[in-house]
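Here the structure comes first, spelled out in structure tokens, and everything after it is commentary.
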Amino acid sequence: MYAGFSFGASVAQTLALGDERARGLLLLHGTSDIAENAAAYGLPVQLHVAEPDPFETDDWLTAWYLRMGRAGADVEVYRYAGAGHLYTDPGLPDYDEEAAEATWRVALGFLDSLEEPVD
């Protein structure tokens, strides 16, 4: 399982796409470019981002979603209207309590849904 916030999400995504044992990928506030030969067959991926987000524009997210699909990932995208880029951090001006609570509820459900590895 890989997870990351903002720039850390791009690192988590890169690592998950390079790990055939990855069981899931949770991205909050960020994504990364995807190599043409990336393979993520059946990888559950959940992305949570503000709408609009200056770092994750609509055009970028559409292209990212399509590339992740071509790589074989099972992607869910959640957008939070009116929230700022780092809306889950209560110590920042971007914080949006309603969006943060919704994000954590959905993200924790996603994490709970991932199957335990079989040895």
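All residue numbers refer to positions in the sequence shown, counting from 1.
Between Q46 and L111, every side-chain heavy-atom pair lies at or beyond the 4.5 Å cut-off.
Hydrophobic clustering, with ILVMFWY side chains joined whenever heavy atoms are under 4.5 angstrom apart, keeps L108 apart from V106. One hydrophobic cluster, built from ILVMFWY side chains closer than 4.5 Å, holds both W60 and I34. The hydrophobic clustering, which links ILVMFWY residues whose side-chain heavy atoms are closer than 4.5 Å, places F7 and L15 together. Note: the hydrophobic cluster containing V11 also contains L43 (ILVMFWY, side chain heavy atoms under 4.5 Å, direct or indirect links).
By the 4.0 Å N-to-carboxylate-O rule, D53 lies too far from R79 to be salt-bridged with it.
Nearest heavy atoms, L114 versus G24: CD1-CA, 4.1 Å. When all heavy atoms are compared, the tightest approach of A71 to A38 is CB-O, 3.5 Å. Closest non-hydrogen pair, D89 versus G91, comes out as OD1-N, 2.8 Å. Here the closest heavy-atom approach between residue Y95 and residue A100 is recorded as CE1-CB, 3.8 Å. Across all their heavy atoms, A73 and V45 have their closest contact at CB-CG2, 3.9 Å. A pairwise comparison of heavy atoms in G4 and A12 identifies N-CB, 3.9 Å as the closest pair.
To the nearest 0.5 Å, the span separating CG on D96 from CG on L86 amounts to 12.5 Å. Once rounded to the nearest 0.5 Å, the distance linking CG of L66 with CG of L61 reads 11.0 Å. Taken to the nearest 0.5 Å, the CG atom of D74 stands 10.0 Å off from the CE atom of M68. Here the OG1 atom belonging to T88 is positioned 12.5 Å from the CD atom belonging to E97, to the nearest 0.5 angstrom. Between the CZ atom of R70 and the OH atom of Y65 there is a distance of 12.0 Å, given to the nearest 0.5 Å. In this structure, CD on E56 lies 12.5 Å from CD on E51, to the nearest 0.5 angstrom.
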Derivation and outcome, side chain to side chain contact (heavy atoms under 4.5 Å, CB included), residues V49 and T31:
CA-CA 9 Å; V49 291; T31 62; 5.5 Å; no
Could you walk me through whether Y2 and L25 pass the side chain to side chain contact (heavy atoms under 4.5 Å, CB included) check?
CA-CA 5 Å; Y2 291 87; L25 175 60; 3.9 Å; yes
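Enclosure of atom CD in E98 is not indicated, since only 12 or fewer non-hydrogen atoms of other residues, nucleotides or ligands lie within 6.0 angstrom.
Just one residue in the list W104, Y78, Y87, Y80 forms a side chain to side chain donor-acceptor pair (under 3.5 Å) with H48, and that residue is Y80. Partner of W64 under the side chain to side chain contact (heavy atoms under 4.5 Å, CB included) criterion, chosen from D33, V75, D59: V75.
Under a 3.5 Å cut-off, the side chain of Q13 and the backbone N or O of L27 do not form any donor-acceptor pair. Side-chain atoms of H29 do not come within 3.5 Å of backbone N or O of F5 as any donor-acceptor pair. Of the possible polar contacts, none joining the D94 side chain to the G84 backbone as a donor-acceptor pair under 3.5 Å is found.
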